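Atom set for the values below is all heavy atoms of this structure, side chains included, hydrogens, waters and symmetry mates excluded. Only a predicted model underlies this, so the values are computations on that prediction, with no experimental measurement involved.
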Amino acid sequence: MAGHFPFSGQSSRVSIFFFYEHHKLGPALQERYYKWWYDWAKAMVMKDPGLLAAKGREFSHFPYGQHAHADFHLRQGLWATALADLGEFIKGSLLPRLDQGALHKLEADHDALLQTLRAEEPRSPRPAPPDIGWFRHS
């Protein structure tokens, strides 16, 4: 399985938040990153009759998932939370359906996306963390 997707392996909204931080993706670029995965997953669901019957309704609104509009204790973590839900579906239901060629193509497309977003980062920088820190319970 692809090890460099932020939802591969053991992941959570916090590890995805750190993925965004590592790649210096501010909220606008996080949304674009999430939308890329959302569109990819939706296309996979819509072309498979079984997935369409089981999950198609869940792709009738944006973003996907039961936590799609919540950031819990994360500040500016909406897209990390949304990707945690979507990523679990992708990891458990979509990635196993890909053959090696399709997985390698997805990895290459993902790398190209990250390069594009990194090039745009200076125009949409990630805000500096607050003095107290991003992760606090209020």
Rounded to the nearest 0.5 Å, what separation is found between the CD atom of E58 and the CG atom of L86? 10.5 Å
With sequence neighbours left out, the residues meeting side-chain contact (heavy atoms from CB on, under 4.5 Å) with R32 are L29, T116, L117, E120
Within the 4.5 Å heavy-atom criterion, are R118 and K24 side-chain neighbours or not? no
Centroid-centroid under 6.0 Å between F19 and F5 rings: no
Strictly by salt bridge (charged side-chain N to carboxylate O under 4.0 Å, His left out), give each pair with a member in residues 40-53 just once, sequence neighbours left out. D48-R97
E88: salt bridge (Lys or Arg N to Asp or Glu O under 4.0 Å) partners, not counting sequence neighbours: K91
Rounded to the nearest 0.5 angstrom, the CG-CE distance for L95 and M44 is 8.0 Å
Residue pair Q30 / L25: nearest heavy atoms and the distance that separates them: NE2-O, 2.8 Å
For residues H110 and Y33, establish whether the separation of their ring centroids is below 6.0 Å. yes
Residues P6 and S15: closest non-hydrogen pair is O-OG, 4.4 Å
A84: side-chain contact (heavy atoms from CB on, under 4.5 Å) partners, not counting sequence neighbours: R13, I16
Who passes ring pair (Phe, Tyr, Trp, His ring centres under 6.0 Å) against H104, sequence neighbours left out? none
For S93 and I90, indicate whether the former's side chain and the latter's backbone hold a donor-acceptor pair under 3.5 Å. no
Of all residues at least two apart in sequence or in a different chain, which pass the side-chain contact (heavy atoms from CB on, under 4.5 Å) check with A102? L98, D99
Matching residue for F89 among F7, Y38, Y64, W37 - test: ring-ring contact (aromatic ring centres under 6.0 Å, His included): Y64
Residues in side-chain contact (heavy atoms from CB on, under 4.5 Å) with D109, at least two apart? W36, K105
Aromatic centroids of W79 and F17 separated by under 6.0 Å: no
Going from CG on L52 to CE on M46, what distance comes out if it is rounded to the nearest 0.5 angstrom? 5.5 Å
What do you reckon, are the aromatic ring centroids of Y34 and F62 less than 6.0 Å apart? yes
